[in-house]
*Asks:* 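Sharing a structure with you now.
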Protein chains: 2
Amino acid sequence: MRFEKLDLNLLVALDALIEDRNVSAASKRLHLSQPALSGALNRLRDFFGDELLAQNGRTMVLTPKAEELRGPVREALMFIRARITTPAAFEPATAERKFRIHVSDYAYDVLIADVTRKAMTLAPGVSFELFTPDRRMMERLERGEVDMIMTIDSYLPDTHPKQALYTDEHSVISWSEGRYAHALSAEEYLAAGHVIAAFGPDRLPAFTEAHLDHQGISRRVDISVQSFTSIPRSIVGTDRLATMYRRHAEYFAQFMPITIQRPPLSFPDIVESAQWHTSRAGDGAIRWLLDLCLEAEREMHGGQGERKCL
Amino acid sequence: MRFEKLDLNLLVALDALIEDRNVSAASKRLHLSQPALSGALNRLRDFFGDELLAQNGRTMVLTPKAEELRGPVREALMFIRARITTPAAFEPATAERKFRIHVSDYAYDVLIADVTRKAMTLAPGVSFELFTPDRRMMERLERGEVDMIMTIDSYLPDTHPKQALYTDEHSVISWSEGRYAHALSAEEYLAAGHVIAAFGPDRLPAFTEAHLDHQGISRRVDISVQSFTSIPRSIVGTDRLATMYRRHAEYFAQFMPITIQRPPLSFPDIVESAQWHTSRAGDGAIRWLLDLCLEAEREMHGGQGERKCL
DNA sequence: TTGAAATATCGCAATCGCGAATAGCAGTGA
DNA sequence: TCACTGCTATTCGCGATTGCGATATTTCAA
């Protein structure tokens with residue numbers, strides 16, 4: 001079956017090809033073989049009467065026609081995803097659905113782990129695929145490759161709808177049996193060795209570090225670990241300090257010998273938010289998941305009023 | 001190749017099925033066999049986990065899910081047609097394109113015949129498929145099955161862009177050698193036998209007749225013919241009258257023995273306009289064709305100032 | 001009961017994608 | 001300079017899917 005002589009499935013190939021400008025890479029993304037995608041490209045060339053991707057030395061470049069098609073093809077697929085392949089109504093009891101979410105291990109520990117438990121009880125057909133936040137996550141949201149991004153609100157642009165999940169504040173943790181297991185002065189804080197988290201191959205700094213850098217404050221960094229979750233075990237048994245979000249610290253304090261202090265320097269509070277693609281506005285599953293997050297948050301921290309420091 | 005497990009070509013089938021609520025009819029429209037479309041329907045049912053079209057005795061009815069998909073599927077296909085399969089830029093010299101147009105034989109005779117000649121000279125790859133105006137033409141425009149409708153401006157809704165092509169006025173024709181080959185009085189006009197055009201199996205009246213009906217004026221109708229073009233030969237050799245558009249009358253007067261008079265009753269002037277689908281706004285071919293129409297109109301009637309009656 | 005108008009099913013041919021292998025091309029680096 | 005790497009394009013048999021014509025089945029009306 002064709003639409004005006006065009007095999008509509010080729011649009012999927014075209015989208016990937018235009019994005020990657022690389023037949024092999026695109027074929028992997030589509031879970032097709034390289035010869036298959038090469039064939040698809042040939043059929044696209046036939047249909048449009050245009051090279052679309054022209055070989056230029058080792059790389060491929062888009063022809064003007066391909067540039068022209070880029071936006072519309074993307075839009076068409078996004079539209080189909082939003083309005084046709086994604087059921088508008090979400091029936092937790094019966095729905096088969098995988099949520100793809102960029103979320104930090106921090107937010108996972110303090111909220112999302114709980115949400116996934118609740119979700120999978122209420123909706124047995126639901127599953128999750130979680131990704132660490134990285135530099136390309138917005139792009140993946142744009143492409144519809146993930147359903148949602150959860151990160152610090154100020155990191156999220158206003159181009160898509162978002163929803164605040166909870167607020168948190170900074171705290172300082174130390175080994176309960178070390179020399180810093182007490183309220184800290186600014187001098188002590190600045191003199192101590194610190195553990196920080198930096199993410200991904202680019203060692204992207206966490207919000208906390210970016211804030212200190214911005215203030216021109218520097219500390220001695222003993223260890224830079226790959227995730228928030230690795231911080232506490234780098235603290236226990238040492239006199240190092242780490243600055244982390246209070247909720248996360250409290251989570252670890254349940255089973256690790258760490259002491260939580262109010263930071264002797266001022267840090268802004270943060271708002272953790274979720275963002276999803278505009279075209280998913282009508283997706284009942286998204287709304288359901290957000291409601292679940294808010295409900296989990298209420299159960300854990302609601303009715304306790306403002307969180308106070310120790 | 002699939003898009004989120006869905007064969008996108010099935011959307012074409014779904015669109016036709018929803019529209020026709022009839023597998024056999026839809027299969028003909030898509031130039032597929034009935035079994036093939038039956039199979040497509042089964043695959044759609046699998047994918048959406050819904051009957052979509054449920055058999056109700058001899059007919060089929062849409063399920064709520066199908067109702068929900070109806071608009072989005074249509075929109076998606078219209079979008080793809082407008083932005084992907086229809087090239088934005090139109091190169092007359094090389095473009096292969098068929099224009100599908102609803103146009104009356106009247107407008108064809110006085111303008112469009114000329115336009116098609118010009119078009120096919122400038123653009124050898126262009127062809128035309130013309131349809132008579134009928135009750136379903138707007139629906140066909142909506143579905144993208146035709147590129148353009150040309151008719152009296154006031155018949156066209158404001159839901160899509162349109163362009164005035166020319167204005168015309170009414171005139172009365174009679175056989176040059178009959179008793180009415182002179183300026184007519186209202187009494188003579190009303191006393192004479194008339195030829196009118198009524199279109200299609202429903203005998204839809206032309207604008208002229210609708211106007212007279214609306215005024216409560218009735219005439220004796222000797223013959224009701226199927227098209228404007230048949231009117232003059234129903235006049236010649238008789239003492240019948242016919243009220244037709246002046247341009248059309250002048251066209252026939254070139255080679256038939258008819259006399260053109262100003263009508264003794266008042267008729268409003270008409271504006272003949274072309275309308276095309278909103279989603280075709282960026283289609284260069286549409287713009288090119290419209291420009292050709294306006295150019296043909298200028299060449300024929302431009303520079304002559306206001307058309308005056310005899 | 002039979003006929004007309006539908007949808008669904010069945011066996012066969014064509015197409016598409018696979019894995020595997022291959023050729024060709026353009027840079028890279030020893 | 002010459003092997004090497006990474007990429008595109010092409011080919012070959014094979015299996016799965018899709019479409020066709022023929023046929024079975026269902027429903028309603030004469």
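Every chain is numbered from 1 and lettered A, B, ... according to where its sequence line falls, protein lines coming before strand lines.
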*Asks:* What is the distance from CG of A:D20 to C1' of D:dC7, rounded to the nearest Å?
*Replies:*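 Atom-to-atom, A:D20 to D:dC7, this comes out as 14 Å.
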
*Asks:* Could you work out, with salt bridge (charged side-chain N to carboxylate O under 4.0 Å, His left out) as the rule, every residue matching A:R287, not counting sequence neighbours?
*Replies:*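 Applying salt bridge (charged side-chain N to carboxylate O under 4.0 Å, His left out) to A:R287 gives A:D291.
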
*Asks:* Side chains of A:T229 and A:D105 only: does a donor on one sit below 3.5 Å from an acceptor on the other?
*Replies:*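 Indeed, the side chains of A:T229 and A:D105 share at least one donor-acceptor pair under 3.5 Å.
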
*Asks:* Taking the nucleotide of DNA chain C with the nearest heavy atom to each, does B:M60 or A:L37 sit closer to the 5' end?
*Replies:* B:M60

*Asks:* With sequence neighbours left out, what residues match A:S230 under side-chain hydrogen bond (donor to acceptor under 3.5 Å, both in side chains)?
*Replies:*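 Only A:S227 meet the side-chain hydrogen bond (donor to acceptor under 3.5 Å, both in side chains) criterion with A:S230.
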
*Asks:* Treat primed atoms plus P, OP1 and OP2 as sugar-phosphate and everything else as base, then score nucleotides 24-29 of chain D 5' to 3': B for base contact with protein heavy atoms under 4.0 Å, S for sugar-phosphate contact only, - for none.
*Replies:* ---BB-

*Asks:* Tell me, please, which residues at least two apart from A:E139 pass salt bridge (charged side-chain N to carboxylate O under 4.0 Å, His left out).
*Replies:* none

*Asks:* Would you be so kind as to tabulate the donor-acceptor pairs closer than 3.5 Å made by side chains of residues 125-133 of chain B, with sequence neighbours excluded?
*Replies:*
none

*Asks:* Could you work out, with ring pair (Phe, Tyr, Trp, His ring centres under 6.0 Å) as the rule, every residue matching B:F90, not counting sequence neighbours?
*Replies:* B:W288

*Asks:* Specify the separation, in whole Å, of atom CG of B:L32 and atom C1' of D:dC20.
*Replies:*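 The answer, rounded to whole Å, is 10 Å.
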
*Asks:* Who pairs with A:R280 by salt bridge (charged side-chain N to carboxylate O under 4.0 Å, His left out), at least two apart in sequence or on another chain?
*Replies:*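 Result, salt bridge (charged side-chain N to carboxylate O under 4.0 Å, His left out) vs A:R280: A:D147.
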
*Asks:* Please report, rounded to the nearest Å, how far the C1' atom of D:dG19 is from the CG atom of B:L30.
*Replies:* 13 Å

*Asks:* Using a 4.0 Å cut-off to any heavy atom of chain A, which nucleotides of DNA chain C are the first and last in contact, reading 5' to 3'?
*Replies:* C:dC16 to C:dG27

*Asks:* For nucleotides 10-17 of chain D, print each protein N/O atom paired with a nucleotide N/O atom at under 3.5 Å, atom names and distance only.
*Replies:*
| from | atom 1 | to | atom 2 | distance (Å) |
| --- | --- | --- | --- | --- |
| D:dT10 | OP2 | A:N42 | ND2 | 3.0 |

*Asks:* Find out whether B:I149 and B:K162 are in side-chain contact, i.e. whether some heavy atom of one side chain is under 4.5 Å from a heavy atom of the other.
*Replies:*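 Of all side-chain heavy-atom pairs linking B:K162 with B:I149, none is under 4.5 Å.
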
*Asks:* Kindly state each residue pair satisfying salt bridge (charged side-chain N to carboxylate O under 4.0 Å, His left out) with at least one member in residues 25-38 of chain A, sequence neighbours excluded.
*Replies:*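 Every pair satisfying salt bridge (charged side-chain N to carboxylate O under 4.0 Å, His left out) with a residue in residues 25-38 of chain A: A:D20-A:R29, A:R29-A:E145.
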
*Asks:* Quick check on the helix from C:dT1-D:dA30 to C:dA30-D:dT1: what's the angle between its two end axes, five base pairs per end, to the nearest 10°?
*Replies:* 10°

*Asks:* Are the side chains of B:T151 and B:H102 in touch, meaning some heavy atoms are under 4.5 Å apart?
*Replies:* no

*Asks:* Taking only Lys NZ, Arg NE, NH1 and NH2, and the carboxylate oxygens of Asp or Glu, determine whether B:E19 and B:R74 approach each other closer than 4.0 Å.
*Replies:*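 Counted as a salt bridge, because a side-chain N and a carboxylate O are separated by less than 4.0 Å.
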
*Asks:* Residues in salt bridge (charged side-chain N to carboxylate O under 4.0 Å, His left out) with A:E51, at least two apart?
*Replies:* A:R45

*Asks:* Please report the interatomic distance CE(A:M78) to OG1(A:T278), rounded to the nearest 0.5 Å.
*Replies:* 8.5 Å

